[in-house]
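Written out below as structure tokens is the structure these notes cover.
These values consider heavy atoms only, across backbone and side chains, with no hydrogens, waters or symmetry-generated copies.
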Amino acid sequence: MTIQSLLITVLRIFLGAILLFAGIAKLTSFSVFIADVAAYQILPLGLVKPSSYLIVSSEITLGMALFIGYFSRGAGVLSALVFLIFSVALVIVLLREQPIVDCGCGNILFSLLDKMGFSVAKTPNWNIVIIDIVLVLASVGVVYSSQQGYGLDTLIKHVVTN
């Protein structure tokens, strides 16, 4: 067990939890989330509902993959892309100065930050963009780490080589 393996495991599980719980939260109030996506006015109305399904299913699938450590590098690439898309969408809304009440991006990370005294509003703001960029970088860290950490990938590799 190395410190780097342990750190990458914790980072991967943390990213997985953020995505998994965000996807579940959106799924439990899916009609509200569809309205949040429509409020961004980035997609044609015909693509809002399919895109909402894609976002939720991506978050849940990538979250589970990262959480258990299955296909970690691939899930890390895709999660970086998801967080990058979220940050670009927020930047577009902020530059347009659109009056959106809920960014649709509340998740376990925001709850943790609130408990630590760092309040993150649910209205689109530059702090959320920065958080998304940090999550992009963390996902890239999972991808390019020389250690995979501990998870299903490591277990399968160990079983196959022995």
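Ile85 belongs to a hydrophobic cluster whose remaining members, ordered by chain and number, are Leu81; membership requires side-chain heavy atoms of ILVMFWY residues under 4.5 Å apart, directly or through intermediates.
Each of Leu43, Ile34, Leu54 was compared with Lys49 under the side chain to side chain contact (heavy atoms under 4.5 Å, CB included) criterion, and only Ile34 meets it.
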_Worked check of side-chain contact (heavy atoms from CB on, under 4.5 Å) between Ser79 and Leu66_ = CA-CA 9 Å; Ser79 67; Leu66 287 168; 3.8 Å; yes

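To the nearest 0.5 Å, atom CD of residue Gln41 and atom CD1 of residue Ile92 are 12.0 Å apart. Separating the CG atom in Leu90 from the CD1 atom in Ile133 is a distance of 10.0 Å, to the nearest 0.5 Å.
Tyr40 is listed as a side-chain neighbour of Ile100, based on a closest heavy-atom distance under 4.5 Å. Counting heavy atoms from C-beta outward, Leu19 and Phe83 have side chains that approach closer than 4.5 Å. Between Leu15 and Phe67 there is no side-chain heavy-atom pair separated by less than 4.5 Å. The closest side-chain heavy-atom distance from Val134 to Ile131 is not below 4.5 Å. By the 4.5 Å heavy-atom criterion applied to side chains, Val91 and Trp126 are counted as neighbours. The side-chain heavy atoms of Glu59 and Ile55, taken from C-beta on, include a pair separated by under 4.5 Å.
In this model, a donor atom of one side chain and an acceptor atom of the other lie less than 3.5 Å apart for Thr2 and Ser5.
Pairing each heavy atom of Gly23 with each of Val56, the nearest pair is O-CG1, 3.6 Å.
Taking a 6.0 Å sphere around CG of Leu95, one finds it holds more than 12 heavy atoms contributed by other residues, nucleotides or ligands.
Contacts of Phe30 classified as ring-ring contact (aromatic ring centres under 6.0 Å, His included), with partners at least two apart in sequence or in another chain: Tyr53.
No side-chain donor-acceptor contact under 3.5 Å links Ser145 to the backbone of Val142.
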